[in-house]
Amino acid sequence: MELDELQARLVPFVREKLGDPGAAVENVKKGPGHAGFSYFFDAVLSNGERRAYFLRLPPPGVKLEGTADLMRQVTAVRALEGTGVPHAPILWAGTEPDWFGLPYFVQPRLPGDTLKDDYPLQFSDAQLRDMARQAMVALAGIHRVPRERLGYLGDFWGYEFDVTRWDRFYERAAEQELLALQPRVKQLLLEKIPHEAPIGLYHGDFQWSNLLYSPAGELLAVIDWELCGVGPTLNDLGWVCAFSDPAAWAHDRGSRMPHADELEAWYWEAMGGQPGDIRWFKALAVYKFAIISGFNLMLHRRGKRHDPHWEEIKPSMQANMEYALRMLGG
C-alpha cells in the first residue's frame, strides 16, 4: 500500500476510533520488520493534541496463518495485561477489511529505541547490565502468563517438530560444508529431548533488538511478537543466552551486553528457582540460527533477497554447530 493511500484510509479510521470528526493524520512512514508491514503515523486532534501510533498489517496475498496471523500477536500482547511485563498495549485490532483491506492492530508509539546500531553507545556498562537484568525479569514474567489467556495460540506441536522443521531450510542452505555437523546435532537433539521442561507463553525471538528502552535505560516494551506461541518457555532463555555467549560465534558481534551466565542467573532469580537445564535449548537455538544463516545466505547470493549481512555472519555457521554439539555432550 502506498503511503498516500494509507494516509487516506487512516483519516476515517482515526476519527472513528478517537471520536473526533476533525482529527487529521500526519507523518505516515514505513516502519521496521520482515514478517508483516508496519507503519508509524501521528494523529492530530481537533484541540491540537498530537498522538503517535504504530500500525501493523500482514503481507497482502498470503494465508493469514503463522507470522501473518496478526491475532496471534494480539493475543500474546493482551495476555501481558496486569503482569508487570513492559509492553505497548493493543489499542485497536480487528480482522474486518473495512479499514485497510486486511487484519490490523494499532499500538501507541513509545519514545525509545532498541539495542541495535549505535543506540547502546550512549549507555555505560553499568547501565547496560541493569538493562539486561530488566530484560530477564520481563522474560520471567512472560513465562508466568496463565495458560488460560492463550487459547487462540493453540497447543504445543511437540519437540520433534521444532527440530525437524528446519530440514527443508538446511537442504537449500548455502555453504553446506559449514553445516557438516548438522546430521549429528539433529540426532542428539532428538535423542536428548527435555520432556520435563515447563510449557507456556514464549516470545520466539527474545533478543536485544526486540526490546525497547527509553533514553534513560528503562525497559519500555518487549516488541515483535511474530514468532510467539505456546511451548517450552526455556526456548526463549536458551535463545538469548546463546546469542550472548561469545563461545558460540566466530564473527565479531561487537556486543557490550552481559554474557550468558549472568543472564541465566537473573532469570532464575526472577523465576524463584531453577526448574530446568538450558543446554539443550541453547543447542537448539544455534542449530536453528546456523541453518537460517545458510538459507538466507543462499537467498542473498541468488539475488532473491539482497542482504550482505549474511556474508559477515557466515563464519559462525560452523561455530554454531560446534557449540551445539558441546551443549549436547557430543
Side-chain angles (χ1 to χ4, degrees), residues 1-20 22-60 62 64 67-78 80-81 85-120 122 138 203-228 307:
M1 190 180 303
E2 298 296 329
L3 294 182
D4 55 353
E5 179 189 350
L6 178 60
Q7 181 164 350
R9 289 173 177 262
L10 279 168
V11 171
F13 174 82
V14 163
R15 288 176 175 175
E16 176 165 318
K17 299 300 182 182
L18 295 178
D20 184 345
V25 172
E26 297 180 354
N27 299 327
V28 180
K29 300 176 182 178
K30 185 79 170 66
H34 302 286
F37 286 77
S38 60
Y39 303 89
F40 298 126
F41 69 94
D42 293 341
V44 183
L45 280 64
S46 298
N47 62 5
E49 179 185 354
R50 182 178 293 270
R51 300 180 185 177
Y53 296 104
F54 172 85
L55 166 69
R56 173 74 81 180
L57 302 174
V62 302
L64 299 179
T67 59
D69 182 358
L70 267 59
M71 294 305 107
R72 292 179 60 81
Q73 300 173 52
V74 169
T75 298
V77 174
R78 285 182 169 164
L80 301 177
E81 295 176 5
V85 176
H87 64 283
I90 302 291
L91 300 176
W92 309 298
T95 57
E96 72 277 10
D98 307 52
W99 300 112
F100 310 107
L102 294 165
Y104 66 91
F105 68 79
V106 177
Q107 299 169 285
R109 185 177 180 182
L110 303 179
D113 205 346
T114 61
L115 294 180
K116 57 176 174 48
D117 301 329
D118 294 335
Y119 194 58
Q122 67 178 283
H203 179 273
D205 192 16
F206 195 87
Q207 56 171 306
W208 309 122
S209 62
N210 286 333
L211 300 169
L212 194 71
Y213 289 91
S214 76
E218 176 190 1
L219 179 59
L220 300 177
V222 180
I223 62 173
D224 289 350
W225 290 83
E226 291 94 342
L227 299 177
C228 70
D307 191 348

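The shown structure was predicted, so the numbers you read here are calculated from the model rather than taken from an experiment. The first residue of the sequence shown is numbered 1, and numbering continues consecutively from there.
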Query - Results of ring-ring contact (aromatic ring centres under 6.0 Å, His included) for Trp208 - residues two or more places apart only - result: none
**Report entry** From CD (Glu226) to CG (Asn210), nearest 0.5 Å
**Finding:** 7.5 Å
Query raised in the report: Roughly how far, to the nearest 0.5 Å, is the CD1 atom of Ile90 from the OG1 atom of Thr75?
Result: 9.5 Å
Query - Min side-chain heavy-atom separation Leu80-Val222 under 4.5 Å - result: no
Report task. With Phe54 as reference, evaluate Trp92, Phe40, Tyr39, Phe41 under the ring pair (Phe, Tyr, Trp, His ring centres under 6.0 Å) test and give the passing residue. Result -> Phe40
Query - Residue pair Thr67 / Gln73: nearest heavy atoms and the distance that separates them - result: O-NE2, 3.7 Å
Report summary line: CD (Gln207) and OG1 (Thr114) are apart, to the nearest 0.5 Å, by 9.0 Å
Report summary line: For Ala93 and Phe105, the nearest pair of non-hydrogen atoms, with its separation, is CB-CB, 3.7 Å
Report summary line: With sequence neighbours left out, the residues meeting salt bridge (Lys or Arg N to Asp or Glu O under 4.0 Å) with Asp42 are Arg50
Query raised in the report: Between the main-chain N or O of Asp224 and the side-chain N or O of His203, is there a donor-acceptor pair closer than 3.5 Å?
Result: yes
Report task. Evaluate the side-chain contact (heavy atoms from CB on, under 4.5 Å) criterion for residues Gln107 and Val77: first the C-alpha distance (whole Å), next the side-chain angles of each, then the deciding distance (0.1 Å), finally the verdict. Result -> CA-CA 10 Å; Gln107 299 169 285; Val77 174; 4.2 Å; yes
Query raised in the report: So how far is it from Phe206 CZ to Leu227 CG, rounded to the nearest 0.5 Å?
Result: 14.0 Å
Query raised in the report: Considering all heavy atoms of both residues, which atom of Pro58 and which atom of Ala68 are nearest to each other, and what is their separation?
Result: CB-O, 3.4 Å
Report task. Please report the C-alpha distance between Leu18 and Arg51 in whole Å, then the side-chain angles of each, then the deciding distance to 0.1 Å, and finally whether the side-chain contact (heavy atoms from CB on, under 4.5 Å) criterion is met. Result -> CA-CA 11 Å; Leu18 295 178; Arg51 300 180 185 177; 3.4 Å; yes
Report task. With side-chain contact (heavy atoms from CB on, under 4.5 Å) as the test, would you mind laying out the steps for Leu110 and Ile223 before giving the verdict? Result -> CA-CA 11 Å; Leu110 303 179; Ile223 62 173; over 6 Å; no
Report task. Looking only at non-hydrogen atoms, find the nearest pair between Asp20 and Ser46 and report the distance. Result -> OD1-OG, 2.5 Å
Report task. With sequence neighbours excluded, give me every salt bridge (charged side-chain N to carboxylate O under 4.0 Å, His left out) pair touching residues 93-109. Result -> none
Query raised in the report: Which pair of non-hydrogen atoms, one from Tyr53 and one from Ala43, has the smallest distance, and what is that distance?
Result: CE1-CB, 3.7 Å
Requested in this report: Could you list all the side chain to side chain donor-acceptor pair (under 3.5 Å) pairs where at least one residue sits in residues 1-11, not counting sequence neighbours?
Outcome: Glu5-Arg9
Report summary line: Sorted by chain and residue number, the ring-ring contact (aromatic ring centres under 6.0 Å, His included) partners of Phe100 (sequence neighbours excluded) come out as Phe13, Tyr104
Query raised in the report: Looking at CG of Asp113 and CG of Leu211, how far apart are the two atoms once the value is rounded to the nearest 0.5 Å?
Result: 11.5 Å
Query - Check against side-chain contact (heavy atoms from CB on, under 4.5 Å), His87 and Trp225 - result: CA-CA 11 Å; His87 64 283; Trp225 290 83; 5.6 Å; no
Requested in this report: Locate the shortest heavy-atom distance separating Ala23 from Val14; write the atom from each residue and the value.
Outcome: CB-CG1, 4.0 Å
**Report entry** For Thr95, side chain to side chain donor-acceptor pair (under 3.5 Å) partners two or more places apart
**Finding:** none
**Report entry** Spatial distance of atom CG (Leu102) from atom CE (Met1) [nearest 0.5 Å]
**Finding:** 6.5 Å
